[in-house]
Amino acid sequence: MPGRRHKTVIISGGTDGMGRATALERLARGDRVTVIGSSEAKGRALLSDAANPNLRFVRADLSSIAEVERVVADVAEHHDSVDALALFANRISSKRRETADGLEYTFALYYLSRYLLGSRLRSLLNAAPDPVVVNVAGVGVTAGRIVWEDPQLTRRYGQVLAQLQAGRANDLLGVAFAAQPENRARYVLYHPGFTRSGVSGHRNPLVRGAIKVLAAFLAHPVAESIRPIIEWIDHPPAGALTAVDRGKPVDHSLKTLDPGNAERLLAYTEDLLGRLRADA
């Protein structure tokens, strides 16, 4: 598009499904795209398929705080500003496992990595003329809660419990980010609904097969699900916080977007990181 300013876009979890499709669409528009993913093979495949000098792949395990910090340093080395940060990274874990930092894996990958990327890239986002953060999770869903008495799920764990908790944590992350006046970036919480994205990633072959069958009949095409993301990167919303659940705006008075709980989670997260730094 003649005269269009090309943007710098950072995508976490960008080697599969919606993240990958978003990367390819932004590259087609002439943007500079950095994709972060844990699989070297998938990263190489994306680089090969795109065959575009504007694409960079950074391999990282985003469940590790040190790895997130390394990614942030890498982005800062290559860019003076970031126009868009798109957050997709997530993976289901059937059994409770801990990261190198001693944190519950789903909490660390699905929530904490998104918190860290948004906060650590703040200065680069603020340096862009019209920055936006798009957090792809489950806004609008009211099932699940933050297990305040045991956020690391040491006493009781289930993959659904862990996923729902991290999803509600991402809802509150958006609320907290938008409430901080030092953040210029608009924040978008987006629930695309059931999408033909990453349906082959489940470890159980029976579950994987069932998901594939359901996806063939019920899931939205990836191109359809990423369309709003592409639009938000081109034209960020006017408000500090936007929440969209399967194409419909989410009322900010929804209980899962409670500002008090957002402040509480922010305080817990900062205290947790402070204790981990002190222990290190």
Side-chain angles (χ1 to χ4, degrees), residues 5-93 99-100 105 108-125 127-128 131-137 185 190 192 195-202 222-223 225-227 229-230 232-234:
R5 176 183 172 273
H6 298 312
K7 300 196 173 192
T8 297
V9 180
I10 311 299
I11 301 176
S12 76
T15 59
D16 282 308
M18 289 178 61
R20 190 181 201 275
T22 299
L24 293 173
E25 180 63 29
R26 296 314 308 184
L27 286 166
R29 293 173 181 236
D31 290 349
R32 297 173 296 274
V33 178
T34 296
V35 165
I36 309 156
S38 60
S39 170
E40 187 72 36
K42 289 181 179 180
R44 287 198 302 267
L46 175 59
L47 290 169
S48 176
D49 291 346
N52 190 316
N54 286 329
L55 174 64
R56 295 180 62 247
F57 169 70
V58 179
R59 199 215 67 78
D61 174 6
L62 292 176
S63 71
S64 160
I65 294 173
E67 287 280 272
V68 177
E69 299 287 6
R70 178 177 64 80
V71 166
V72 169
D74 179 276
V75 171
E77 181 181 345
H78 287 86
H79 301 290
D80 296 324
S81 64
V82 169
D83 296 280
L85 173 63
L87 303 167
F88 294 92
N90 183 24
R91 185 170 295 146
I92 293 173
S93 181
T99 68
Y105 176 81
L109 177 63
Y110 190 6
Y111 163 68
L112 190 60
S113 74
R114 301 184 186 210
Y115 167 85
L116 288 169
L117 286 170
S119 61
R120 300 297 192 262
L121 292 174
R122 175 185 291 123
S123 61
L124 294 180
L125 287 161
V132 65
V133 177
V134 181
N135 186 335
V136 180
Y190 176 46
T195 299
R196 293 172 201 153
S197 173
V199 296
S200 61
H202 201 285
V222 171
S225 291
I226 69 165
R227 194 173 298 127
I229 301 172
I230 302 305
W232 286 319
I233 293 175
D234 276 334

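Not measured: the values here are computed from a predicted model. Residues: numbered from 1 along the sequence shown.
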side-chain contact (heavy atoms from CB on, under 4.5 Å) with L121: of L116, L85, V71, only one passes, and it is L85
By ring-ring contact (aromatic ring centres under 6.0 Å, His included) - contacts of F88 (at least two apart)
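Testing F88 for ring-ring contact (aromatic ring centres under 6.0 Å, His included), a comparison that skips the adjacent residues, returns none.
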All ring-ring contact (aromatic ring centres under 6.0 Å, His included) counterparts of Y115, not counting sequence neighbours:
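Here no residue qualifies.
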Can you sort out the partners of [X] under salt bridge (Lys or Arg N to Asp or Glu O under 4.0 Å), two or more places apart, ordered by chain and number?
X   : result
R44 : none
R32 : none
R56 : D74
R20 : D49

Looking at [X] and [Y], what are the two nearest heavy atoms and their distance?
X    : Y    : answer
V82  : P131 : O-CB, 4.1 Å
W232 : V132 : O-CG1, 3.8 Å
A185 : L125 : CB-CB, 4.4 Å

With sequence neighbours left out, write down each residue that passes side-chain contact (heavy atoms from CB on, under 4.5 Å) with [X], or none if nothing qualifies.
X    : answer
S39  : A41, K42
D234 : R4, R26, R29, I230
A50  : L24, L27, N52, L55

For Y110, enumerate each residue passing the side chain to side chain donor-acceptor pair (under 3.5 Å) test, keeping only those at least two apart in sequence or located in another chain.
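By the side chain to side chain donor-acceptor pair (under 3.5 Å) rule, Y110 matches no residue at all.
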I need the [X] [atom1] to [Y] [atom2] distance, nearest 0.5 Å.
X   : Y    : atom1 : atom2 : value
T22 : I226 : OG1   : CD1   : 4.5 Å
T34 : F57  : OG1   : CZ    : 11.0 Å
N90 : D16  : CG    : CG    : 11.5 Å
L87 : S12  : CG    : OG    : 4.5 Å
I11 : I229 : CD1   : CD1   : 8.5 Å

What donor-acceptor contacts under 3.5 angstrom involve side-chain atoms of residues 59-68, with partners at least two apart or in another chain?
from, atom 1, to, atom 2, distance (Å)
R59, NH1, S38, O, 3.4
D61, OD1, S63, N, 3.0
D61, OD1, S63, OG, 2.7
D61, OD2, S63, OG, 3.2
S64, OG, A66, N, 3.4
S64, OG, E67, N, 3.2
E67, OE1, D61, N, 3.2
E67, OE1, R70, NH2, 3.0
E67, OE2, R70, NE, 3.0
E67, OE2, R70, NH2, 3.3

Would you confirm whether D83, through its side chain, and T8, through its main-chain N or O, come within 3.5 Å as a donor-acceptor pair?
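Confirmed, D83 side chain pairs with T8 backbone.
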Just wondering, do N54 and V33 contact through their side chains at under 4.5 Å, heavy atoms?
no
According to salt bridge (Lys or Arg N to Asp or Glu O under 4.0 Å), does anything in residues 109-120 pair up with another residue at least two apart or in another chain? List the pairs.
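Salt bridge (Lys or Arg N to Asp or Glu O under 4.0 Å) check on residues 109-120 returns E69-R120.
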